[in-house]
Amino acid sequence: MRHAGVHALLAALAAAVVAPALAAAADSTDALPASITDVRVAGAAQQGVLEVQGADGRWFGGIQLCLPAPPGDASDSEELLKELEAAVSSVACRQLGFPGGRALSAYPAGGSGADAVAGPTLRALLLCGGNETSVDQCDLVESECSHAAADTGDPLAAGDEEVVRTVVAVACDGGPSPAEGRLEVRLLDGRWGSVCGGQGAAAAGGGGSAAALVAAHRRLAQVVCRGLGYGGGAPRVGAFYGDSLPPAIDDVACVSSEGELQRCSFRGGAGVVCSEGYRLGVACAGAETITDLRLVAGPSPREGRLEVQLLNGTWGTVSGQASTPDQVAAVVCRPFGVEDGEARTGSFYGDGSLPLLLWGLACQGGEEHLNECHLTKSLFQDEHWDDLGVSCQSVRAWVGGGLTMDEEGPQ
C-alpha cells in the first residue's frame, strides 16, 4: 500500500501536469477510453506484458506509464514510477483471480520501451492505490509527456522535459484457485521456499531419463494434492505460478503417489539453485490450466496444428520435442468418440504464428482432459520448428470451441 505522500503527489500530478492534456485530446479520435475494464497477460500463464482493454472495447498491446523528471535528477520520478507500477501490477493480478503480483523489472520477451510489445500501446497514467480489486476502480488519465515523447521519437525527451517511462509487465503470484498454484514448503527453521524439480528426482526414482523425471513430478503432484484433500493432481513445471520465493528444496522423490510428503526424499540447503525451467507447481483435480483447444491449418477441419488456450486467455502452440505426441493425440480425440487419434510432429501443419506456450505436454494416454497431463511452460515462445499437430479421424468441425462429430464419418 502506498503511503499518503506518494498518493498526494500522484493527485497533484494528475491535476497540474495531466489535466491540460485531457482537454487537448477531447476532440481526438485517439482519445483515451473512459476506463480500463479488462486485463490479460501476454505471456505463458501469468507472467508477461500487461495488455488492457478500454471501456470502448479496444485492446492495447501494453500500457506505458510516463512521468516528467527534472533535468539531471530523475530519482524522485523513478521512485514514484516504481510505486505506481507495483500498485498497477498488484491490482491487475488480483482482477485475474490471483492473490497478488509484482512488477517485472525487465520485459519477458526482451527489448525495452513500447517496441517490446505487439500492437498499439496505451500511453497514459493508470493511478491505482494498490488495494483495489480491479483496474476499473483506478483513475485513467492522459500522460502529456508520453505523447510528446512519442511525437519526437526520442525515448528520453518530451519537448524540453526529461521523462521516465516503463511498459508494465507483471508476474502474478499463487494460483487462480485454491486447487492449484506454486508449490511451497516450510522448513524446520521456519523459512518458506519454492520447490525445484531437477534431474535428481528422476535418479532417485530409478532412472535419469526425461520420462523418469516426468514420472517423479507426477508422483509428487499426486502426493501433494491428496494431502490437501483432492482426488489427485498433475504437475506444472516452469514457474507457471510465478517465482517470487527462492528455492528451498530440489530433487524431491516420492516412492509412490500414495504416501505423505514428509516421506519423500529431497535435497536442501543454501546451495539449492533452480533454473526457471524447473520451478514446480501443481494443479489438483478440477483445476483448469488449459481452458480450450483447437486444431488449425490442416487440410480438413478434422486435423491440424494443436493450439491451446490458457486460463489468462492467451492462445498458443505446443512443442512436440518434450511431449508424448501419440498419448496427447489420444487425449485430444477421445472425448469425441475417436480412439485412433494420430500425432503429427515437426510442424507438419506449418509453423504457428502464436506464442509457443508449452514446451512439454506429457500424457499417459488415459486422461480425460489435457489438464490431467504434465505441463511444462515454454521459455522460448518464438520457436516453432516442431509445433505439434493432431489428426482425429471422423471429426467433422470445430464449433464454438468444441468438436462436432459426423456419425457417418468425415465429409
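Since we're looking at a predicted model, the values are computed, not measured.
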Search all heavy atoms of [X] against all heavy atoms of [Y] and return the closest pair with its distance.
{"X": "Gly231", "Y": "Ala285", "value": "N-CB, 4.3 Å"}
{"X": "Val272", "Y": "Ala248", "value": "CG2-O, 3.9 Å"}
{"X": "Ser347", "Y": "Asp387", "value": "OG-N, 2.9 Å"}
{"X": "Asp38", "Y": "Gln95", "value": "CA-NE2, 3.7 Å"}
{"X": "Ala287", "Y": "Glu180", "value": "CB-OE2, 3.6 Å"}
{"X": "Gly320", "Y": "Pro325", "value": "O-CG, 4.2 Å"}

Is there a donor-acceptor pair under 3.5 Å between the side chain of [X] and the backbone N or O of [Y]?
{"X": "Ser90", "Y": "Ala86", "result": "no"}
{"X": "Asp136", "Y": "Thr37", "result": "no"}
{"X": "Thr324", "Y": "Cys363", "result": "yes"}
{"X": "Arg305", "Y": "Thr317", "result": "no"}
{"X": "Glu367", "Y": "Gly365", "result": "yes"}
{"X": "Arg94", "Y": "Gly130", "result": "yes"}
{"X": "Gln137", "Y": "Val135", "result": "no"}
{"X": "Gln222", "Y": "Gly233", "result": "yes"}

Glu342 and Ser391: CA distance, side-chain angles, deciding distance, side chain to side chain donor-acceptor pair (under 3.5 Å) verdict: CA-CA 5 Å; Glu342 191 171 357; Ser391 174; 5.5 Å; no
To the nearest 0.5 angstrom, please state how far the [atom1] atom of [X] sits from the [atom2] atom of [Y].
{"X": "Arg186", "Y": "Trp192", "atom1": "CZ", "atom2": "CH2", "answer": "5.5 Å"}
{"X": "Glu85", "Y": "Leu80", "atom1": "CD", "atom2": "CG", "answer": "11.5 Å"}
{"X": "Glu51", "Y": "Phe60", "atom1": "CD", "atom2": "CZ", "answer": "11.5 Å"}
{"X": "Ile36", "Y": "Arg58", "atom1": "CD1", "atom2": "CZ", "answer": "9.0 Å"}
{"X": "Ser265", "Y": "Ile249", "atom1": "OG", "atom2": "CD1", "answer": "9.5 Å"}
{"X": "Cys225", "Y": "Leu183", "atom1": "SG", "atom2": "CG", "answer": "9.0 Å"}

May I have the step-by-step check of side chain to side chain contact (heavy atoms under 4.5 Å, CB included) for Arg236 and Asn371, ending in yes or no? CA-CA 10 Å; Arg236 301 292 182 257; Asn371 282 317; 4.0 Å; yes
Answer whether the closest heavy-atom distance between the side chains of [X] and [Y] falls below 4.5 Å.
{"X": "Ile63", "Y": "Val167", "value": "no"}
{"X": "Leu50", "Y": "Ser89", "value": "no"}
{"X": "Leu140", "Y": "Pro33", "value": "yes"}
{"X": "His374", "Y": "Val237", "value": "yes"}
{"X": "Leu126", "Y": "Val168", "value": "no"}
{"X": "Ile290", "Y": "Leu310", "value": "yes"}
{"X": "Val224", "Y": "Tyr230", "value": "no"}
{"X": "Leu125", "Y": "Leu84", "value": "yes"}

Contacts of Ala215 that satisfy side chain to side chain contact (heavy atoms under 4.5 Å, CB included) - sequence neighbours left out: Arg219
Among Val318, Thr345, Leu356, which residue satisfies the side-chain contact (heavy atoms from CB on, under 4.5 Å) criterion with Asp386?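 Only match with Asp386 under side-chain contact (heavy atoms from CB on, under 4.5 Å): Thr345.
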Checking side chain to side chain contact (heavy atoms under 4.5 Å, CB included) for the pair Tyr349/Leu306: CA distance, chi angles, key distance, verdict? CA-CA 9 Å; Tyr349 299 105; Leu306 176 62; over 6 Å; no
Worked check of side chain to side chain contact (heavy atoms under 4.5 Å, CB included) between Thr376 and Leu358: CA-CA 6 Å; Thr376 302; Leu358 299 179; over 6 Å; no
